[in-house]
There are 2 protein chains.
Amino acid sequence: MLRTARTAPVAAAEEAQRLPIDTILVGDCIDHMNSLPAGSVDLIFADPPYNLQLDQGLTRPDQSKVDAVDDDWDKFDSFAHYDQFTRAWLKAARRLLKPDGALWVIGSYHNIFRVGTALQDLDFWMLNDVIWRKANPMPNFRGTRFTNAHETLIWAAKSQKSRVTFNYEAMKLANDDTQMRSDWLFPICTGAERLKDEDDGKVHPTQKPEALLFRILNATTKPGDIVLDPFFGTGTTGAVARKLGRHFIGIEREQSYIDAARQRIATIRPGVFEALQSVKPKRQETRIPFGSLIEQGLIEPGAQLFDLTKRYFAMVRADGSLVSGNHQGSIHKVGALVQGFESCNGWTFWHHEQAGKVAPIDDLRAGIRQKLDLLSA
Amino acid sequence: MLRTARTAPVAAAEEAQRLPIDTILVGDCIDHMNSLPAGSVDLIFADPPYNLQLDQGLTRPDQSKVDAVDDDWDKFDSFAHYDQFTRAWLKAARRLLKPDGALWVIGSYHNIFRVGTALQDLDFWMLNDVIWRKANPMPNFRGTRFTNAHETLIWAAKSQKSRVTFNYEAMKLANDDTQMRSDWLFPICTGAERLKDEDDGKVHPTQKPEALLFRILNATTKPGDIVLDPFFGTGTTGAVARKLGRHFIGIEREQSYIDAARQRIATIRPGVFEALQSVKPKRQETRIPFGSLIEQGLIEPGAQLFDLTKRYFAMVRADGSLVSGNHQGSIHKVGALVQGFESCNGWTFWHHEQAGKVAPIDDLRAGIRQKLDLLSA
DNA sequence: ATGGATATTGAATCCGCAG
DNA sequence: CCTGCGGATTCAATATCCA
């Protein structure tokens with residue numbers, strides 16, 4: 001029982017000595033992870049290749065070309081190869097984690113199901129899946145699918161019996177005193193935060209916003225913890241770890257990313273919480289589209305709407321469109337068309353009758369909004 | 001070539017005859033699916049059990065299970081069983097789908113990664129993952145994790161080359177004229193909508209809100225389509241299908257659910273035809289060749305066209321081609337060539353002058369279309 | 001300087017029919 | 001199966017330009 005007699009601070013100091021703290025290791029992440037001491041890391045954040053399968057170019061409606069992720073590091077021959085790669089780095093990651101350590105992975109529908117399955121097979125214990133809702137996602141330019149407006153994160157403990165760090169109170173506090181939910185709203189990384197090269201191009205095609213890492217490290221690490229990122233890229237994890245007084249270990253293969261990351265991190269004063277305020281989510285009014293009134297049964301398909309003077313009438317269709325004579329479209333468009341105006345606020349223009357009383361459909365929206373806000377408060 | 005002589009409506013009627021339309025089949029979904037004719041269903045919506053212990057009769061996971069058997073083999077075994085079950089019903093489902101059919105699955109982090117992996121392995125083609133954000137989720141009572149405030153849906157085509165139904169315009173319109181995103185906000189199923197038994201208890205533990213199915217069927221089916229639900233439960237899919245003028249086939253094992261579903265669906269008036277019509281997408285509008293504008297005297301041979309900024313000019317020839325400098329060809333081809341683009345919509349790019357006013361030639365097309373529509377009405 | 005208009009851009013499995 | 005081609009398709013946040 002000699003080992004337990006050693007005090008924790010001393011052990012931590014020794015541990016830090018044999019670990020390449022606050023540095024970037026150059027090379028393959030699996031090799032590096034396997035050469036680090038087992039059970040030495042508190043948290044791993046991983047943003048692995050997504051294995052996108054893009055077989056043709058994409059242009060915007062204005063004919064400009066979308067700058068796709070076509071880097072070699074995102075190319076895999078098959079799902080089998082991707083699985084093999086995934087299980088290899090996850091296995092190495094698991095070995096590195098302390099018994100009470102945890103891991104975050106981010107991905108999209110192209111890869112996240114493979115990653116999740118591998119995690120479960122390797123005896124990680126899932127704690128949450130978390131949705132990063134993008135405030136400003138790239139639209140679906142061809143109008144063929146839903147706007148791909150989110151990415152998925154998995155938070156998993158090393159094992160079922162791990163007692164992981166979760167700063168419940170801090171999260172609740174940051175969320176206006178209600179529990180932090182599993183859906184997070186952040187803008188994508190643009191503007192001054194986005195690293196640019198000499199030609200004003202992106203240094204990295206998929207740089208993640210600091211706000212995302214800020215939330216993750218704030219929620220699931222303690223000051224002084226060691227956070228490892230095996231796909232370090234341009235070092236968002238390192239930058240945020242430093243700001244939050246955590247230690248990082250980055251692993252990255254591409255020299256251009258490493259150069260950018262080192263430069264970036266060098267300018268950061270450790271433990272300065274300047275970004276804290278920017279992370280606090282602004283409470284915004286819940287947007288209620290007209291279609292949701294029908295979906296939620298507040299207006300029946302086939303119902304008749306009319307303006308206050310009952311000069312114009314329109315029928316509600318199941319898909320949320322209005323029809324009035326030859327005109328069809330959204331409540332706003334049809335409102336404008338029947339009056340011969342350029343535009344119209346359909347919410348206040350169109351009325352309905354309920355229990356013998358005439359009211360603008362905006363009242364229904366207000367009802368839903370109140371209900372939703374009450375529910376989420 | 002006799003088969004092509006058969007008109008589509010006749011084929012649809014025959015197909016409907018050999019299918020148990022608008023009914024609930026009692027028993028195991030895999031057996032039933034395998035006994036139905038292949039390639040006969042437009043859409044499948046599936047809300048499979050989340051349970052990982054199949055031998056306990058596929059009930060929902062018991063969250064109070066703390067002192068788990070820490071036996072790796074046992075755990076792997078249960079995942080393996082769940083995977084086996086998942087692949088079996090997905091394979092049967094895929095066989096049932098028409099070539100252009102699609103499938104929706106809903107799940108949580110307990111099972112959705114297994115389902116997603118199986119889908120990809122079985123050559124389904126993922127179109128979107130969609131997040132149902134719950135307006136009123138159950139809080140995390142112990143304060144140990146983030147509030148589990150969402151569930152994940154996967155929308156996948158039968159194969160990569162399937163041309164699935166997606167009512168893009170309807171979705172956009174119902175969302176106040178901006179693209180529908182992949183994150184959807186709905187309350188969970190409570191109140192009057194929630195089916196209760198004699199003791200005021202829930203009839204089904206995980207009844208889904210009708211609003212969710214409403215959006216799914218509105219987005220990815222057409223009126224008259226056949227929608228199959230292999231885990232029918234208390235019949236939300238059937239209820240919404242009926243309201244929206246779609247046909248359903250339900251499969252369910254539990255008699256108590258079936259009784260509730262039958263009672264529920266019997267009271268629903270099927271959707272009214274008029275209210276079920278959707279906005280006609282531009283893609284499906286009558287094609288008007290440019291040459292017909294000349295044939296009908298709306299544009300004279302020799303007329304000059306130009307773009308809105310009058311940087312490019314072109315002359316109309318009698319055969320419907322344009323000439324601009326060295327370039328000649330269709331309105332689209334010449335529009336692309338003069339701008340140096342890959343492609344161009346000549347209808348909106350080229351303008352003409354009429355009675356001193358500049359207007360896109362698309363206005364002339366719109367006039368012809370309106371005339372045609374009036375004639376055919 | 002300032003405000004308004006215009007241009008750029010982001011992890012994307014992004015068309016469909018006729019011949 | 002293939003090729004060819006008509007023609008339909010974008011939201012929010014920055015960045016830049018111009019009056």
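Order of the sequence lines fixes the chain letters, A, B, ..., with proteins taken first and strands second; residue numbering starts at 1 for each chain. In what follows, every heavy atom counts, from backbone to side chain, and hydrogens, waters and symmetry copies are set aside.
- The residue A:D47 sits close to a base: some heavy atom pair falls under 4.0 Å.
- Counting any heavy atom pair closer than 4.0 Å across all strands shown, A:N51 reaches no nucleic acid atom.
- As judged by a 4.0 angstrom heavy-atom cut-off over every strand, B:R365 is placed among residues touching the sugar-phosphate backbone only.
- Taking the side chain of A:H110 as heavy atoms from C-beta on, and the options C:dA12, D:dT10, C:dA11, the nearest nucleotide is C:dA12.
- Projected onto DNA chain C by closest heavy-atom contact, A:L54 and A:D62 fall at different nucleotides, the more 5' of which corresponds to A:D62.
- Out of D:dC11, D:dT9, D:dA8, the shortest distance to the side chain of B:E169 is found at D:dT9.
- Contact detail for A:Y82 and A:V115: the closest heavy-atom pair is OH-CG2, 4.2 Å.
- Here the P atom of nucleotide D:dT14 and the CG atom of A:N136 are 7 Å apart, to the nearest Å.
- Nearest heavy-atom pair across A:R264 and A:E210 is NH2-OE2, 3.0 Å.
- Distances shown here put a side-chain N or O of A:Q56 below 4.0 Å from the OP1 or OP2 atom of C:dC15.
- Where B:Y168 and A:A192 each meet DNA chain D at their nearest nucleotide, the meeting point lying more 5' is that of B:Y168.
- The nearest pair of heavy atoms linking A:P230 to A:C29 is O-CB, 3.2 Å.
- Counting only Watson-Crick and G-U wobble pairs whose two key distances fall under 3.5 Å, DNA chain D forms stems of three or more stacked pairs at C:2-10 with D:11-19, C:15-19 with D:2-6.
- Rounded to whole angstrom, the span from the CE atom of A:M138 across to the P atom of D:dC11 amounts to 13 Å.
- Residue A:Q63 is classed as a base contact, given a heavy-atom separation below 4.0 Å to a base.
- Checking the phosphate oxygens (OP1, OP2) of D:dG6, a side-chain nitrogen or oxygen of B:S330 falls inside 4.0 Å.
- The nucleotide whose nearest atom lies closest to any side-chain atom of B:K172 is, among C:dC15, D:dG7, D:dT10, D:dT10.
- When distances run from any side-chain atom of A:K208 to the nucleotides C:dA11, C:dT9, C:dA12, the shortest one goes to C:dA11.
- Rounded to an integer number of Å, the gap from NZ of B:K282 to C1' of D:dG7 is 11 Å.
- Ranking C:dC14, C:dT9, C:dG10 by closeness to the A:T144 side chain, first place goes to C:dC14.
- Taking the ring axis of A:W132 as reference, the NZ or CZ atom of A:K134 stays within 45° of it and closer than 6.0 Å to the ring centre.
- A donor and an acceptor atom never sit less than 3.5 Å apart when one is taken from the side chain of A:K134 and the other from the base of C:dA11.
- The closest side-chain heavy-atom distance from A:P48 to A:N111 is below 4.5 Å.
- Nucleic acid contact class of A:S108 (heavy atoms, under 4.0 Å, all strands): none.
- Look at CD1 on B:I331: it is 9 Å from C1' on D:dG6, rounded to the nearest Å.
- Distance check on atom C1': C:dC14 versus C:dG10 gives 15 Å, rounded to whole Å.
- Note on A:G57: a base of the nucleic acid sits closer than 4.0 angstrom, heavy atoms only.
- Contacts of B:P289 with the nucleic acid, taken as non-hydrogen atoms under 4.0 Å apart, are absent.
- Set against D:dG7, C:dA12, C:dT9, the side chain of A:S64 has C:dT9 as its closest nucleotide.
- Of the candidates D:dG6, C:dC14, C:dG10, D:dG6 carries the atom nearest the B:R287 side chain, counting heavy atoms from C-beta on.
- Contact detail for A:K202 and A:R194: the closest heavy-atom pair is CD-NH2, 3.4 Å.
- Using a 4.0 Å heavy-atom criterion, one finds that A:P209 contacts no nucleic acid atom at all.
- Of the options A:I216, A:L153, A:I112, A:T206, a side-chain contact (heavy atoms from CB on, under 4.5 Å) to A:I106 is made by A:L153 and by none of the others.
- Spacing between C:dA7 and D:dT10 at atom C1', rounded to whole Å, works out to 14 Å.
- With A:W184 as the aromatic partner, A:R133 does not meet the cation-pi criteria of under 6.0 angstrom to the ring centre and within 45 degrees of the ring axis.
- Contact annotation for B:Q160: no contact, since no heavy-atom pair falls under 4.0 Å across all strands.
- OP1 or OP2 of D:dG7 lies within a sub-4.0 Å distance of a side-chain N or O belonging to B:H332.
- As rounded to whole Å, 12 Å separates atom P of C:dA12 from atom CG of A:D71.
- At whole-Å resolution of the value, CZ in B:F341 and C1' in D:dC5 are 18 Å apart.
- When heavy atoms are screened at a 4.0 angstrom cut-off, B:N345 is found touching base atoms of the nucleic acid.
- Within 4.0 Å (heavy atoms only), B:T348 reaches no atom of the nucleic acid at all.
- Among C:dA12, C:dC14, D:dC11, the nucleotide with an atom closest to any side-chain atom of A:N140 is C:dC14.
- If you check every strand for non-hydrogen atoms under 4.0 Å, A:W132 touches nothing.
- Rounded to whole Å, the separation between the C1' atoms of C:dA1 and D:dA19 comes to 13 Å.
- Judged by atom type and distance alone, A:R142 does not reach the base of C:dG16 through any side-chain donor-acceptor pair under 3.5 Å.
- For A:P61, the listed nucleotide lying nearest its side chain is D:dT9; candidates were C:dC15, D:dT9, C:dG10.
- As rounded to whole Å, 13 Å separates atom P of D:dT9 from atom CG of B:D177.
- Geometric assessment of A:R114 against the ring of A:F79 yields a positive cation-pi assignment under the 6.0 Å and 45° thresholds.
- Across all non-hydrogen atoms, the minimal contact from B:N218 to A:D319 is ND2-CA, 3.5 Å.
- B:F124 carries B:R94 over the face of its six-membered ring, with the cationic atom under 6.0 Å from the centre and within 45° of the normal.
- Taking atom CG of B:D129 as the reference point, atom C1' of C:dA12 lies 13 Å away to the nearest angstrom.
- Among the heavy atoms of the strands, none lies under 4.0 Å from A:C189.
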